[in-house]
Amino acid sequence: MNTLGPTILYLLQGGLVTFLVWLVTVVFSLPLAVLVAFVRKMNNRFVNAILGVYTTLVRGTPLLFQLIFVYFGVPIMFKIQLSPFCAASLAFINSWTIYMSEIIRGNIEGIDKGQYEAGKVLGMNYFQIMFTVIFPQALVTALPSLCNQAIEAIWGTSLLSTIGMDDILKSARVILMRDFSMEPFIIAGILYLLFNGAVVLLFKKIEERTSRFRIQYTK
Amino acid sequence: MISVRNISKQFKDTPVLQDVSLEIKKGQVIGLIGPSGAGKSTLLRCIVNLEQIDSGTICIDSKKITDAKMQTKTGIVFQNFNLFPQKTVLENITLAPQIVNNISKSKANQAGQRLLAKVGLSDKANQYPSELSGGQTQRVAIARALAMNPEVLLFDEPTSALDPELTNEVLSVIRQLARDNMTIVIASHEMAFIRQIADTVIFMEKGRIVAKGSPTDIFERQTNVRIKKFIQLFN
């Protein structure tokens with residue numbers, strides 16, 4: 001059992017990679033998703049057509065495809081170099097922005113139109129109404145779905161090894177091959193569970209704190 | 001002060017307002033009565049520019065209300081309150097003064113506290129709308145509308161979503177506003193209340209103004225059988 005310490009340490013390094021990609025994904029894609037949802041709400045036909053096609057492309061291809069496309073394809077297309085971390089972040093942020101913008105858009109539709117009217121009669125303009133009244137409420141009602149997306153983003157990181165990054169899963173596999181023991185897999189599983197549990201707990205806390213204004217007026 | 005001239009409006013093929021004209025003078029309290037679907041709400045919503053009219057004009061001091069700057073000249077209190085649920089009571093009141101009129105937070109808060117005192121809810125400043133009763137919610141909505149200093153305050157059936165025992169606290173706030181010489185147009189089915197506070201009563205039906213007069217004219221010396229029947233229904 002004297003290998004347990006180094007194994008955990010090695011897996012934690014992989015965990016750091018997993019965590020960083022996840023963090024970058026969530027931190028950037030949420031505001032971007034709000035922005036995309038806002039742009040789509042402006043109902044510009046041309047812009048919406050483009051975003052519609054783009055959404056179809058993103059949702060119509062597997063994440064692994066997009067990851068490989070960004071890592072190998074984008075450098076060829078634009079003659080630039082991308083580190084695996086950059087490529088992974090770009091691919092993940094892109095995908096999660098699109099998925100979450102659809103969720104937020106759906107939740108905006110669910111906000112009572114009286115809320116918009118209340119803002120309008122108080123003299124607020126469209127931007128003020130959207131950003132101070134509508135979005136905060138849409139984000140609150142979207143919390144359970146956004147939590148799912150945040151968890152999906154953890155699982156998404158298990159693809160990182162395909163572009164040569166040493167995430168939790170890859171690290172576990174490396175040790176497994178070397179030692180022929182199940183230990184690293186079990187520890188990796190525990191790390192995933194802890195990570196997942198922390199995310200769920202975080203969202204639960206946010207939901208609790210926002211619960212007192214989770215009401216929809218009905219007639 | 002506000003003149004509504006020959007306005008008409010249709011939803012698809014259904015006319016909801018037909019050639020409606022109305023003058024609202026400063027300090028006047030106008031009661032709008034009539035059966036559901038008569039166009040009372042639509043008329044009020046047109047005056048606050050929430051609905052577009054198909055023809056006619058609505059002007060405040062001879063300026064058209066469709067001008068964005070005119071929006072805050074009118075205020076409206078909705079039947080189902082429409083408070084912002086993610087904001088506290090005080091924030092509901094101070095949000096628009098801050099972001100629309102660029103009033104500083106401390107000044108807006110002071111004014112907000114004064115308005116809360118006026119509607120008798122000083123102790124609820126930091127509560128959320130979900131923690132209030134219906135009557136309290138509507139009183140906050142009134143304070144919120146007043147915060148923008150509108151020249152006229154419209155009430156679209158302000159007590160219709162309330163339990164009977166909560167109605168009075170809202171009506172007494174409106175009564176106080178009328179005493180303070182606020183210009184008010186109120187659509188309501190509370191006949192006794194309308195009779196008491198309005199100086200002019202308008203009876204609407206099928207998108208038209210059918211009768212207009214003092215409360216005594218409408219409620220006591222009524223000769224129109226249809227209006228008589230309608231009023232009796234509520235007494």
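The sequence lines fix the lettering, A, B, ..., with proteins before strands; numbering per chain opens at 1. Just so it is clear, the model here is predicted, and its values are computed rather than measured.
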S.K.: Holding to ring pair (Phe, Tyr, Trp, His ring centres under 6.0 Å), I want the full list of residues that pass it with F78(B), two or more places apart in sequence or in another chain.
M.R.: none

S.K.: Pair L50(B), V121(A) - check side-chain contact (heavy atoms from CB on, under 4.5 Å), show working.
M.R.: CA-CA 8 Å; L50(B) 281 178; V121(A) 295; 3.8 Å; yes

S.K.: Could you tell me if the side chain of N82(B) sits less than 4.5 Å from the side chain of D112(A), heavy atoms only?
M.R.: yes

S.K.: Would you say K87(B)'s side chain and V133(A)'s backbone share a donor-acceptor pair under 3.5 angstrom?
M.R.: no

S.K.: Just checking F28(A): does its CZ atom have more than 12 heavy atoms from other residues, nucleotides or ligands closer to it than 6.0 angstrom?
M.R.: no

S.K.: Roughly how far apart are K120(A) NZ and N49(B) CG, rounded to 0.5 Å?
M.R.: 4.0 Å

S.K.: Could you tell me whether F11(B) atom CZ has more than 12 heavy atoms of other residues or ligands within 6.0 Å of it?
M.R.: yes

S.K.: Going through the checks in order, is the side-chain contact (heavy atoms from CB on, under 4.5 Å) test met by V140(A) and Q86(B)?
M.R.: CA-CA 9 Å; V140(A) 168; Q86(B) 81 281 21; 5.8 Å; no

S.K.: Below 4.5 Å from any heavy atom of chain A, which atoms of R144(B) appear? Answer side chain, backbone, both or neither.
M.R.: both

S.K.: Pick from T74(B), T88(B), L95(B), I99(B): which one has the most heavy-atom pairs with chain A under 4.5 Å?
M.R.: I99(B)

S.K.: If only atom types and distance count, is the side chain of Q115(A) paired as donor or acceptor with the main-chain N or O of L83(B) below 3.5 Å?
M.R.: yes

S.K.: Tell me whether the count of non-hydrogen atoms from other residues, nucleotides or ligands lying under 6.0 Å of CD in Q81(A) goes above 12.
M.R.: no

S.K.: How about CD on Q52(B), more than 12 heavy atoms from neighbouring residues, nucleotides or ligands closer than 6.0 Å, or not?
M.R.: no

S.K.: For chain B, which residues from residues 123-132 of chain A have at least one heavy atom closer than 4.5 Å to it?
M.R.: G123(A), M124(A), Q128(A), T132(A)

S.K.: To the nearest 0.5 angstrom, please state how far the OH atom of Y128(B) sits from the OG1 atom of T210(A).
M.R.: 10.0 Å

